[in-house]
Undergrad: 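Would you mind keeping the following structure in view while I ask a few things?
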Amino acid sequence: GENVEQHPSTLSVQEGDSAVIKCTYSDSASNYFPWYKQELGKRPQLIIDIRSNVGEKKDQRIAVTLNKTAKHFSLHITETQPEDSAVYFCAAEGNNFNKFYFGSGTKLNVKP
Amino acid sequence: EAGVAQSPRYKIIEKRQSVAFWCNPISGHATLYWYQQILGQGPKLLIQFQNNGVVDDSQLPKDRFSAERLKGVDSTLKIQPAKLEDSAVYLCASSQRFRSHEQFFGPGTRLTVL
């Protein structure tokens with residue numbers, strides 16, 4: 001099956017700085033890559049996603065890039081704010097439609 | 001639209017006891033998932049339903065875990081008997097599958113096994 005690795009496990013940045021979280025995957029057939037944000041004690045929520053036929057996608061302060069050849073994708077958050085503090089999970093959709101394999105998560109701390 | 005509902009939100013049991021969790025997906029969502037999220041890890045899929053049929057249960061410990069989705073709507077996940085290592089948050093999610101990849105998560109049930 002698919003194997004998704006995510007790093008770093010923790011990331012601390014100053015408010016206003018950028019944050020980058022990276023994930024790699026093993027199954028070259030994977031073609032959908034969502035990112036979820038999970039605040040403490042709350043449910044994971046989709047913040048951005050990308051399909052394999054696209055190299056980059058942006059939504060205001062967040063962006064995701066995908067390198068299919070290298071099998072890695074990254075989340076970029078610019079102008080970070082304290083409310084961005086949360087755990088972020090990447091995922092890759094495996095061979096079975098809608099079966100997600102999640103990374104281990106990155107705890108982002110934005111210091112005011 | 002209303003979100004995915006789960007109950008209970010918290011449960012504390014002794015090892016070897018039984019426990020059941022309930023999930024009500026978003027109306028119209030044919031696909032339902034149960035995930036186990038151990039502290040500090042990402043969600044791990046336990047079972048996936050399409051309507052009331054099982055699509056994938058390859059990571060469900062079938063000697064102690066069972067799940068059903070009667071009538072293709074609500075679902076229950078049961079653990080019998082529980083072990084200490086079952087302590088985790090159990091997340092239910094649903095999706096429209098053929099219209100969208102997005103999975104919508106419920107608030108989860110935090111299980112502590114003592």
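We name chains A, B, ... by the order of the sequence lines, and we start the count at 1 in each one. Since the model is a prediction, treat every value here as computed from it, not as a measurement.
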Undergrad: Counting only heavy atoms from other residues, nucleotides and ligands, does the tally under 6.0 Å from CG of L114(B) exceed 12?
TA: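 Correct, the count exceeds 12.
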Undergrad: Are F49(B) and V55(B) connected, step by step, through hydrophobic side chains (Ile, Leu, Val, Met, Phe, Trp, Tyr) whose heavy atoms are closer than 4.5 Å?
TA: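 No; tracing contacts between hydrophobic side chains, which count when under 4.5 Å, never links both residues.
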Undergrad: Considering only heavy atoms, which portion of R9(B) lies under 4.5 Å from any heavy atom of chain A: side chain, backbone, both, or neither?
TA: side chain
Undergrad: Please state whether the side chain, the backbone, both or neither of Q41(B) comes within less than 4.5 Å of a heavy atom of chain A.
TA: backbone
Undergrad: Would you say L45(B) ends up clustered with L77(B) if hydrophobic residues are merged whenever their side chains have heavy atoms under 4.5 Å apart, either directly or through other cluster members?
TA: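 They do not share one cluster, since no chain of ILVMFWY contacts under 4.5 Å joins L77(B) to L45(B).
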Undergrad: Within residues 40-73 of chain A, which residues come under 4.5 Å of chain B, heavy atom to heavy atom?
TA: G41(A), R43(A), P44(A), L46(A), R51(A)
Undergrad: Are I47(B) and Y101(A) connected in a single hydrophobic cluster, I mean Ile/Leu/Val/Met/Phe/Trp/Tyr linked by side-chain heavy atoms less than 4.5 Å apart?
TA: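 As far as the 4.5 Å side-chain criterion goes, I47(B) and Y101(A) are not connected within one cluster.
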Undergrad: Determine whether the aromatic ring centres of residues Y35(B) and F100(A) are separated by less than 6.0 angstrom.
TA: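 Between Y35(B) and F100(A), which both carry aromatic rings, the centre distance is not below 6.0 Å.
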Undergrad: Identify whether Y36(A) and V87(A) are in the same connected component of the hydrophobic contact network (ILVMFWY, side-chain heavy atoms under 4.5 Å).
TA: yes
Undergrad: Are more than 12 heavy atoms from other residues, nucleotides or ligands located less than 6.0 Å from atom CD of E79(A)?
TA: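 Atom CD in E79(A) is not packed in, count stays at 12 or less.
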Undergrad: Would one find more than 12 heavy atoms of other residues, nucleotides or ligands at under 6.0 Å from atom NZ of K71(B)?
TA: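 No, not enclosed.
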Undergrad: Looking at G42(B), P43(B), S58(B), which one has more heavy-atom pairs under 4.5 Å with chain A than the rest?
TA: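 Counting heavy-atom pairs under 4.5 Å, the top option is P43(B).
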Undergrad: I need the E102(B) CD to Y32(A) OH distance, nearest 0.5 Å.
TA: 6.5 Å
Undergrad: Counting only non-hydrogen atoms closer than 4.5 Å, does Q6(B) touch chain A with its backbone (N, CA, C, O), its side chain (CB onward), both, or neither?
TA: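 Contact with chain A is absent: no heavy atom of Q6(B) under 4.5 Å.
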Undergrad: Does any backbone or side-chain atom of Q38(A) lie under 4.5 Å from a heavy atom of chain B? Answer side chain, backbone, both or neither.
TA: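 Only the side chain of Q38(A) comes within 4.5 Å of chain B.
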Undergrad: More than 12 heavy atoms of other residues, nucleotides or ligands under 6.0 Å from CD of E15(A): yes or no?
TA: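 Buried by this count: over 12 neighbours within 6.0 Å.
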Undergrad: Please determine whether residues V54(B) and L60(B) belong to a single hydrophobic cluster, defined as Ile, Leu, Val, Met, Phe, Trp and Tyr linked transitively by side-chain heavy-atom distances below 4.5 Å.
TA: yes
